[in-house]
A.B. asks: 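Just dropping this structure here.
Quick note on labels: first sequence line is chain A, next is B, and so on, each numbered from 1. Atoms considered below: every heavy atom in the structure, side chains included; atoms not considered: hydrogens, waters and symmetry mates.
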Amino acid sequence: MNNDTPAAGNFIRAIVEDDLKTGKHSQIITRFPPEPNGYLHVGHAKALCHNFGLAEDYNGLCNLRFDDTNPEKENDEFVQAIQDNIRWLGFTWNGEVKYASDYFDKLYEFALWFIDNDLAYVDDLTPEQMREYRGTLTTSGKDSPYRTRSAAENHDLFTRMKDGEFADSAKVLRLKINMSSPNMNLRDPAIYRIKRSHHIRTGDKWCIYPMYDYTHCISDALESITHSCCSLEFEDHRPLYDWVVDKLFTAGLLPARPRQIEFSRLVLNYTITSKRKLTQLVSEGLVSAWDDPRMPTIAGMRRRGYTPQGVRLFAKRCGISKSPNVVDIPFLETAIREELENSVPRVMAVLKPLKIILTNFVAGETGSRSADFHPQHPEFGSRLCELTQEIYIDQDDFQETPEKGFQRLTLGGEVRLRHSYVIKCEEVIKNADGSISELRCSIDPLTLGKNPEGRKVKGVIHWVSATKSIAAEVRLYDRLFSVENPDNVEGHDFKEFINPHSLDISTAYIEPSILSVKPEDHFQFERVGYFVADRYDCDAAKGKLVFNKTVGLKDNWKK
RNA sequence: UGGGGUGUCGCCAAGUGGUAAGGCAUCGGAUUUUGAUUCCGACAUUCGUAGGUUCGAUCCCUACCACCCCAGCCA
């Protein structure tokens, strides 16, 4: 089994344990707050496993809250897909799905409260002017001329903003904090903008929308979130988070004061996790869809054959810290493979067929063996591996003149047919162009279910009956990008690095037991790798068999 | 030249004043009708660098270096 490392003591768990021990909280509540502007990817999977995992492990709750404050980019397809992904990973959110937009009325009232307490003002500066007034990283900003408007005037103006009296972008509501703060986030951040855009939940009710920094912390507090975990880039938003929450909490308007804790986001080499760029791959048809098996999306990984347990194992192994969490794809693949190892049946399939005629095969006399679907798990059942006179083996398993160390079939050499006899290659039949067309081999009749006497046959190869095997479409995947960091190569667009060989479709011949396959059934094709029946295209009843290669087997043959 | 972070084995990652967990990878070896799996064993005298405090420092102090984030009416 996978030696599940104990949920590594990470620094956030240490904080949670301490809060529980000291009685600061009797129960923790975390939250996962995706913006529905794209599909969830492997980086979200890490964050999601952390937030939901924390709740699971400490008997707490985890809310699912869509951060739907920017109607221009958000849509319902994403809302649905995200929920599917989370359920698929096996997590359950607390109560109903929540939306930041559930709090739009509250948020509006609080904005008025900030205004009435002289902590917010309506600003008429244009976006360009605002940028100028903000100053730079090294120079202080300066106050907007509108900063000194009276509370009454601001109250009136903001009300009219809401009522649609002003054009989009004509005014914004800003918090009155400190224009010379070294922290840019505190230089009077805008918290409301005018934007006439149809919202997936609230329709056309609003023409002003609250912004992230203002919305997120208040939403957390309204839900009594105890630990609000996010990625590192929000570290210097924390003073703002605390500023907003403290003001409202002190005034008795909020039930809790959540704590924001930041950890590093996941970086997977040879892939991208920018939602904008993933969107581009889909919209430009560079991949088939968001769930293309080559996509690093949760939906893509699912279609590729990754399992929830495998993804969760991966996330756990990545850990939670504040140092850059850069990992290689094999690290992900190992977790997937490891989890599949003991949970899926094995069958034989030949991807690049080479025909063999068994010269001394006698129908009705030459025997066949029944074999378990998993060597360590007899409970998976068994099936007959029926030998026929003509079989296919994989082209890679034969070398006329073997290279050093090759222990498969050679001319004049012997090899074990898995679950069947030892055979010996007597003759190589070639085409006019010199390529091999078929092999003539003889069976050693004394080797069915037992080792030959007096000699050792080391090699074991897989095979299928040429006449009884089932042809199926197999989709072989390789990494989508050919460089480690496609996102970040100076002077180049990430699309230049798309691997032209990331998808290879071919035909495989699979043993007949495969006929009972159902979509999303996982298998190990022995000696080849793990495959999954495509969840949409595989339909055995209609005679259409389609398998996606999930991940190859480890290959320790050192050439 | 501002602010916020991070630097522990090839990659993740614990630890934190008492002499470096674990996982992945790698390398040996055993078992094996999958060159898979499984199993055993090896794998940082050293914690970005340089000083300092201390009986003792990866952990405290000082300086330095490298890298990441921040100037959206995005999240």
A.B. asks: Roughly, in whole Å, what's the span from NE2 in A/H199 to C1' in B/rC74?
C.D. replies: 14 Å
A.B. asks: A/R134 has an atom CZ; how far is it from atom C1' of B/rC70, in whole Å?
C.D. replies: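 In whole Å, B/rC70 C1' lies 11 Å from A/R134 CZ.
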A.B. asks: What is the distance, rounded to the nearest whole Å, between atom CG of A/N10 and atom P of B/rU16?
C.D. replies: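 So the two atoms are 13 Å apart, to the nearest Å.
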A.B. asks: Does A/N185 make a side-chain N or O approach to OP1 or OP2 of B/rG3 shorter than 4.0 Å?
C.D. replies: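 Result: no.
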A.B. asks: Between A/D102 and A/R65, is there a salt bridge with N-O shorter than 4.0 Å?
C.D. replies: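 Between A/D102 and A/R65 there is no salt bridge, as every charged N stays at least 4.0 Å from the carboxylate O atoms.
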A.B. asks: Taking 5.5 Å and 30° as the limits, would you call A/Y212 and the base of B/rA75 a stacked pair?
C.D. replies: no
A.B. asks: From the list B/rU37, B/rA13, B/rC69, which nucleotide is the closest neighbour of the side chain of A/S323?
C.D. replies: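 In terms of side-chain proximity for A/S323, the closest of B/rU37, B/rA13, B/rC69 is B/rA13.
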A.B. asks: Could you check whether A/R369 gets within reach of a base, just the sugar-phosphate, or nothing at all, counting any heavy atom under 4.0 Å?
C.D. replies: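 Counting heavy atoms under 4.0 Å across all strands, the contact made by A/R369 includes a base.
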A.B. asks: Contact class for A/V422 (heavy atom, under 4.0 Å): base, sugar-phosphate, or nothing?
C.D. replies: nothing
A.B. asks: Would the distance check show the side chain of A/D328 and the main-chain N or O of A/P330 forming a donor-acceptor pair, the cut-off being under 3.5 Å?
C.D. replies: no
A.B. asks: Partner of B/rC67 by Watson-Crick or G-U wobble geometry, both contacts under 3.5 Å, or none?
C.D. replies: B/rG5
A.B. asks: Are A/S264 and B/rU6 close enough that a side-chain N or O sits under 4.0 Å from OP1 or OP2?
C.D. replies: no
A.B. asks: If each of A/K73 and A/E235 is mapped to the nucleotide of RNA chain B with the nearest heavy atom, which maps nearer the 5' terminus, i.e. the 5' end?
C.D. replies: A/E235
A.B. asks: Heavy atoms only, 4.0 Å cut-off, all strands: where does A/E262 land among base, sugar-phosphate and nothing?
C.D. replies: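 Nothing, no nucleic acid heavy atom in range.
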A.B. asks: So, for A/H237 and A/Y241, is the gap between ring centers shorter than 6.0 Å?
C.D. replies: no
A.B. asks: Can you confirm whether more than 12 heavy atoms, excluding those of A/E379, are under 6.0 Å from its CD atom?
C.D. replies: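 Counting neighbours around CD of A/E379, more than 12 heavy atoms of other residues, nucleotides or ligands fall under 6.0 Å, so yes.
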A.B. asks: From the options B/rA36, B/rG3, B/rC12, select the nucleotide whose nearest atom is closest to the side chain of A/L553.
C.D. replies: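 The nucleotide sitting nearest to the side chain is B/rA36.
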A.B. asks: Roughly, in whole Å, what's the span from CG in A/N556 to P in B/rC39?
C.D. replies: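 Value for this atom pair: 15 Å.
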A.B. asks: Using a strict 4.0 Å threshold on nitrogen-to-oxygen distance, state whether A/R527 and A/D394 make a salt bridge.
C.D. replies: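 Not counted as a salt bridge, because no side-chain N and carboxylate O are separated by less than 4.0 Å.
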A.B. asks: Does the distance from a Lys or Arg side-chain N to an Asp or Glu carboxylate O, for A/E72 and A/K195, drop under 4.0 Å?
C.D. replies: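 Yes, this pair counts.
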A.B. asks: Say we look at B/rA14 and B/rG48: how far apart would their P atoms be, to the nearest angstrom?
C.D. replies: 15 Å
A.B. asks: With a 4.0 Å cut-off on heavy atoms, is A/R408 in touch with a base, just the backbone sugar-phosphate, or nothing at all?
C.D. replies: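 Touches a base.
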A.B. asks: Over how many whole Å does the gap from A/N488 atom CG to B/rC68 atom C1' extend?
C.D. replies: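 Answer to the nearest Å: 11 Å.
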A.B. asks: Quick check on B/rC74: is either OP1 or OP2 less than 4.0 Å from any side-chain nitrogen or oxygen of A/K195?
C.D. replies: yes
A.B. asks: Distance between the C1' atoms of B/rU46 and B/rG15, in whole angstroms?
C.D. replies: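 The same atom, C1', in both gives a distance of 14 Å.
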A.B. asks: Between A/S321 and B/rA13, is there a side-chain N or O to OP1/OP2 distance below 4.0 Å?
C.D. replies: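 Answer is yes, contact under 4.0 Å.
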A.B. asks: If you only use heavy atoms from C-beta on, which nucleotide in B/rG3, B/rU6, B/rU33 is closest to the side chain of A/P182?
C.D. replies: B/rG3
A.B. asks: Have a look at A/S169 and say if it touches a base, only the backbone sugar-phosphate, or nothing, with a 4.0 Å heavy-atom cut-off.
C.D. replies: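 Base contact.
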A.B. asks: Check every strand shown and say whether A/G459 touches a base, only sugar-phosphate, or nothing at a heavy-atom separation below 4.0 Å.
C.D. replies: nothing
A.B. asks: For A/H216, report the nucleic acid contact type (base, sugar-phosphate, nothing); a contact means any heavy atom under 4.0 Å.
C.D. replies: nothing
A.B. asks: When the C1' atoms of B/rG17 and B/rC55 are considered, how many whole Å apart are they?
C.D. replies: 12 Å
A.B. asks: How should the glycosidic conformation of B/rG72 be described, syn or anti, under the criterion that syn lies within 90° of 0?
C.D. replies: syn
A.B. asks: Between A/Y146 and A/Y133, is the ring centre distance below 6.0 Å?
C.D. replies: no
A.B. asks: Which nucleotide in the set B/rC12, B/rG2, B/rA75 lies at the smallest distance from any side-chain heavy atom of A/M184?
C.D. replies: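 Output: B/rG2.
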A.B. asks: Using the P atoms only, state how far B/rG41 lies from B/rG23, rounded to an integer number of Å.
C.D. replies: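 It works out to 12 Å between them.
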A.B. asks: Roughly how far apart, to the nearest Å, are B/rU58 and B/rU49 at atom C1'?
C.D. replies: 14 Å
A.B. asks: For A/Q407, which contact category applies under a 4.0 Å heavy-atom criterion: base, sugar-phosphate, or nothing?
C.D. replies: base
A.B. asks: Given B/rG35, is OP1 or OP2 found less than 4.0 Å from the side-chain N or O atoms of A/R527?
C.D. replies: yes
A.B. asks: Please pick, from B/rC73, B/rA75, B/rC24, the nucleotide with the shortest atom-to-atom distance to any side-chain atom of A/M130.
C.D. replies: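 In terms of side-chain proximity for A/M130, the closest of B/rC73, B/rA75, B/rC24 is B/rC73.
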A.B. asks: So, A/E223 and A/K98, do they make that salt bridge, N to O below 4.0 Å?
C.D. replies: no
A.B. asks: Give me the distance, rounded to whole Å, that separates B/rU26 from B/rG10 when you measure between the P atoms they each carry.
C.D. replies: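 After rounding to an integer number of Å, I get 15 Å for this pair.
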A.B. asks: Nearest whole angstrom, please: distance from the C1' of B/rC11 to the CG of A/L266.
C.D. replies: 12 Å
A.B. asks: Between the base of B/rG3 and the side chain of A/D236, is there any donor-acceptor pair under 3.5 Å?
C.D. replies: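 For A/D236, whose side chain was compared with the base of B/rG3, there is a donor-acceptor pair (under 3.5 Å).
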A.B. asks: With respect to the phosphate group of B/rU37, does any side-chain polar atom (N or O) of A/K554 fall under 4.0 Å of OP1 or OP2?
C.D. replies: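 The answer is yes; a side-chain N or O of A/K554 sits under 4.0 Å from OP1 or OP2.
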A.B. asks: Compare side-chain N and O positions of A/R265 against OP1 and OP2 of B/rG5 and report whether any pair is under 4.0 Å apart.
C.D. replies: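 No, because none of the side-chain N or O atoms of A/R265 sits under 4.0 Å from OP1 or OP2 of B/rG5.
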A.B. asks: Send over the distance from A/K458 NZ to B/rU33 C1', rounded to a whole Å.
C.D. replies: 13 Å
A.B. asks: Counting heavy atoms from C-beta on, name the nucleotide in B/rC70, B/rA75, B/rU33 closest to the side chain of A/L137.
C.D. replies: B/rC70
A.B. asks: I want to check one thing: is the phosphate of B/rG72, taken as OP1 and OP2, less than 4.0 Å away from some side-chain N or O of A/R131?
C.D. replies: yes
A.B. asks: For A/Y133, which contact category applies under a 4.0 Å heavy-atom criterion: base, sugar-phosphate, or nothing?
C.D. replies: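 Nothing: the residue A/Y133, judged by heavy atoms under 4.0 Å, touches no strand.
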A.B. asks: Give one of base, sugar-phosphate or nothing for A/T69, where a contact means two heavy atoms less than 4.0 Å apart.
C.D. replies: sugar-phosphate
A.B. asks: In whole Å, what separates the P atom of B/rA21 from that of B/rC9?
C.D. replies: 14 Å
A.B. asks: Could you tell me whether A/E35 contacts a base, only the sugar-phosphate backbone, or nothing, with contacts defined as non-hydrogen atoms closer than 4.0 Å?
C.D. replies: sugar-phosphate
A.B. asks: What is the distance, to the nearest angstrom, from the CG atom on A/L332 to the P atom on B/rA25?
C.D. replies: 13 Å
A.B. asks: Between B/rA30 and B/rG35, how far apart are the two C1' atoms, rounded to whole Å?
C.D. replies: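 Straight-line distance between the two C1' atoms is 15 Å.
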A.B. asks: Give a yes or no on whether the ring-centroid distance for A/F104 and A/H199 is below 6.0 angstrom.
C.D. replies: yes
A.B. asks: Applying the Watson-Crick and G-U wobble criteria at under 3.5 Å, what pairs with B/rU37? Answer none if nothing qualifies.
C.D. replies: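 Answer to the pairing question: none, since B/rU37 forms no Watson-Crick or G-U pair.
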A.B. asks: Counting the atoms with a prime plus P, OP1 and OP2 as sugar-phosphate, which does A/S181 contact under 4.0 Å by heavy atoms, base, sugar-phosphate, or nothing?
C.D. replies: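 Here A/S181 touches no strand at all.
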A.B. asks: How about A/E339 and A/Y306: does a side-chain donor come under 3.5 Å of a side-chain acceptor?
C.D. replies: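 Side-chain D/A pair, A/E339 to A/Y306: absent.
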A.B. asks: Heavy atoms only, 4.0 Å cut-off, all strands: where does A/H419 land among base, sugar-phosphate and nothing?
C.D. replies: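 Base, at least one base atom sits under 4.0 Å.
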A.B. asks: By nearest heavy atom, map A/I461 and A/D213 onto RNA chain B; which one lands nearer the 5' end?
C.D. replies: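 Looking at RNA chain B, the more 5' nearest nucleotide goes with A/I461.
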A.B. asks: Looking for any heavy atom pair under 4.0 Å, which part of the strands does A/N70 touch: base, sugar-phosphate only, or nothing?
C.D. replies: sugar-phosphate
